[in-house]
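Here's the structure we're looking at; comments come further down.
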Amino acid sequence: MKKSDDLARARAQHQKLGEEIAAHDRAYYQEDAPVVSDADYDALRRRYEALEKQFPELADEESLSRKVGAAPAEKFAKVAHAVPMLSLGNIFSDDEVEDFVARVRRFLGLGGEAELAFTAEPKIDGLSCSLRYEKGLLVSAATRGDGLVGEDVTANVGAIDDIPEKLSGGAPEVIDVRGEVYMSHADFAALNARQAAADKPLFANPRNAAAGSLRQLDPAITAQRPLKFFAYAWGAAEPDMPADSQMGMMAVFHAFGFKVNPMTRVCYGARDMLAHFHDIESRRASLGYDIDGVVYKVNDLALQRRLGFVARAPRWAIAHKFPAERATSVLREIEIQVGRTGVLTPVARLDPVTVGGVVVSNATLHNEDEIARKDIRIGDTVIVQRAGDVIPQILGVVPEKRPDDASPYQFPHVCPACGSAALREIDPKTGEPEAARRCTGALVCPAQAVEKLRHFCSRNAFDIEGLGDKQIAFFYEKGLIRTPADIFTLSERDRQSLTKIENFEGFGKVSARNLFAAIEARREVALNRFIFALGIRHVGETNAIRLARSFETFDALRETARHAAPGSEARQRINDIDGIGDVVAEAVADFFVEPHNERALDALLAEVRILPMEAVKSGGAVAGKTVVFTGALQKMTRDEAKAMAERLGAKVSSSVSKKTDLVIAGAEAGSKLTKARELGVDVIDEDAWLALAGAAAG
Ligand code: IVH
């Protein structure tokens, strides 16, 4: 084999790995949403660096081994670091610690006898931040970004207690204090509980939660997130360094009013460093925050200066990473949980096993495809990993330990909570089924019930005053309201019952009477609201209006949708409605063919009367007009504005043309506004739009 062939092959592989790493860097640093575990990422990096070691010509200017992190996200103002914020090289084994020490000694030309001190401290799993103090006052704060330019988060760090606004004691003229912003396990769990309650996406781990919380455009959001900070490094310092050792700098930071990690020690040589490494590792599970290794640093700052840097990392420091925490256990059962949006999630039930000091008996299996891809079967011995993330994962199975009678896992096609069909939608972009399988029993599924009932009663649906989120959850729990029809039989059942609602805590005669009156007032409802209230997937207000306008009566819609099998004329009839595509048509059909929903609908229809679609005020200035929204709206979201316009009978378009009647321009509107002006289309601002819409709605 020719040497040039080897190089060409290595170059191709280097390029491919580089692209993969860069994509992971973007996901991790800019989007705070990594898609691989830290251990997998480190493995990619190691392969990349090994190639460069073998073929040094690959380590050119563009090499990722010279770069740190990812460029700052566009949405933040940028801050150039006076002194670059570097990264650390990684090592993974005890031997490599000895190599590191030997390398440093060799570089410094130290003889066998000469003493060389290192500090060893936990590597905090958060995000690094550089804080500039001038005359002792905090003047700016920045994330690492790509190491040279970071994101300006000055307004955000104000609420972090561990970051003083003013340094105590004699502060130098200028100093950049650097360290790690992180979130404790307890605060992370509480934050995720709040996210869940507000139906917002959960953070995968404390690091993402910390990064997502610090990198907020609205500092008020950061202020609600409990972040912490450990100081461990510095950038510029003028007129001179306030100490001459790493440990001395830690003492100075402490005197300034910062937290420094209490497990920081001075060690003399590899044996000492390893002992401390294993000590920290053994305490890892009980620290209350995530660490992913131990950082060793040459203690003497004069020696640090002599050692200097290579590429993206100092020669005088290194990160000794903990191995990914893995163990094997037996998979006893796969439990299917149904989320509030109807997604079926498989959870592995394992024989309890200790992984990195934590007892694990559940692990996520992600989705159906993942189980099939790894061919995970009940009874299998599986490899469990905890790698930074709090939710353990199943990496794969140990094939030799598979019991003879283990059969491939069949993912259920019915919802375990309600028995309705559970389906996978086809992603229209890829033509492939979506990863998630969802329950179609919108009206009957207990796992989704409270959510669906809330939606049913919400302002733009049945608009039942007095049945807010809290009351619905309460009545659901008491078994008094389980499906929408139950709302309308509540007062009658209450009349016949011995345990009266008026006697429940928080109620009384008056509030019970008001509630029943509010429900009675909504026994008649416009068709579009009724359709919207059903909570059919993909059928929001706009599509509900489209369906209502097209079918005119609920019976007509129901009759068609019931027979709307794929390829049928009925399916085509729905699909043909302007603005309704395959995905919505399929969701509508799936909802109406589900027998559980049929029964719930019959019960509901026995209680309410459906009125024709809400009259679009014909005198309204926007009915029948084509409108375009552009720029940033301040008082409502784009979706809200769009729904409002459609409710008023307008057609919303995304581009400006001669057919456009009106352009609503928010802040910083760009090319669409210019085009509207060129074409002489009427342009109004957001306030004028609200006034117009208000007048049109009467
Ligand atoms: S020292 C020039 N010490 O690890 C050396 N870094 O993988 C500056 N980190 O970007 C870094 N704990 O975000 C240092 N005790 C510690 C650390 C630490 C966490 C992070 C830091 C750095 C990354 C490198």
Side-chain angles (χ1 to χ4, degrees), residues 21 24-25 28-29 32 34 38-39 41-42 45-46 49 64-65 67-70 81-92 100 104 118-131 141-148 150-151 153 162 176-183 206-208 210-211 214-215 227-237 246-247 249-250 253-254 258-267 273 276-277 280 284 287 289-299 301 303-305 307-322 388:
I21 292 169
H24 289 316
D25 279 346
Y28 185 93
Y29 290 110
D32 300 325
D38 290 0
Y41 176 84
D42 285 342
R45 274 265 181 201
R46 261 177 288 164
E49 280 159 20
L64 291 176
S65 49
K67 296 188 179 138
V68 176
H81 298 300
V83 173
M85 284 182 86
L86 295 157
S87 184
L88 292 170
N90 290 327
I91 53 175
F92 299 87
F100 168 66
V104 170
F118 292 86
T119 56
E121 68 195 71
K123 184 169 188 301
I124 316 297
D125 202 4
L127 73 158
S128 49
C129 190
S130 187
L131 310 164
T143 64
R144 185 171 70 174
D146 63 5
L148 300 176
E151 297 153 336
V153 289
D162 292 347
D176 295 327
V177 177
R178 293 178 175 171
E180 203 83 352
V181 172
Y182 68 100
M183 192 179 281
R207 197 212 79 88
N208 292 147
L214 183 65
R215 299 169 75 249
L227 294 172
K228 294 188 156 75
F229 183 81
F230 277 127
Y232 56 65
W234 56 91
Q246 182 73 34
M247 211 55 186
M249 285 302 290
M250 300 295 249
F253 289 154
H254 187 69
F258 285 100
K259 299 250 160 55
V260 293
N261 195 287
M263 282 180 293
T264 311
R265 296 259 184 293
V266 177
C267 299
M273 288 149 80
H276 194 44
F277 173 85
I280 292 176
R284 180 180 183 187
L287 291 179
Y289 52 87
D290 277 351
I291 62 174
D292 58 349
V294 171
V295 183
Y296 308 122
K297 299 171 184 168
V298 168
N299 191 33
L301 299 193
L303 296 183
Q304 286 192 4
R305 257 171 246 126
L307 282 153
F309 300 85
V310 252
R312 65 200 254 276
R315 241 185 231 106
W316 47 265
I318 205 140
H320 186 178
K321 298 284 250 330
F322 296 133

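Along the sequence shown, residues are numbered consecutively beginning with 1. Indexing begins at 1, ligand by ligand and atom by atom, following the structure's order.
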May I ask you to decide if [Y]'s main-chain N or O and [X]'s side chain share a donor-acceptor pair within less than 3.5 Å?
| X | Y | value |
| --- | --- | --- |
| His276 | Thr119 | no |
| Ser128 | Arg144 | no |
| Asn90 | Lys321 | no |
| Arg315 | Leu307 | yes |

message: With side-chain contact (heavy atoms from CB on, under 4.5 Å) as the test, pick out the partner of Ser130 among Val83, Val153, Asp176.
response: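 Option passing the side-chain contact (heavy atoms from CB on, under 4.5 Å) with Ser130: Asp176.
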Using a cut-off of under 3.5 Å, which N/O atoms of ligand 1 pair up with protein N/O atoms, and what distance separates each pair?
from	atom 1	to	atom 2	distance (Å)
ligand 1	3 (N)	Lys297	NZ	3.0
ligand 1	4 (O)	Lys123	NZ	3.1
ligand 1	7 (O)	Lys123	NZ	3.2
ligand 1	9 (N)	Tyr232	OH	3.3
ligand 1	10 (O)	Arg144	NH1	2.7
ligand 1	12 (N)	Ile124	N	3.0
ligand 1	13 (O)	Ser128	OG	3.4
ligand 1	13 (O)	Glu180	OE1	2.8
ligand 1	13 (O)	Glu180	OE2	3.4
ligand 1	13 (O)	Tyr232	OH	3.3
ligand 1	15 (N)	Glu121	OE2	2.6
ligand 1	15 (N)	Pro122	O	3.2

message: Whether Lys228 and Asp162 form a salt bridge (side-chain N of Lys/Arg under 4.0 Å from carboxylate O of Asp/Glu) is what I want to check.
response: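 No, this pair does not count.
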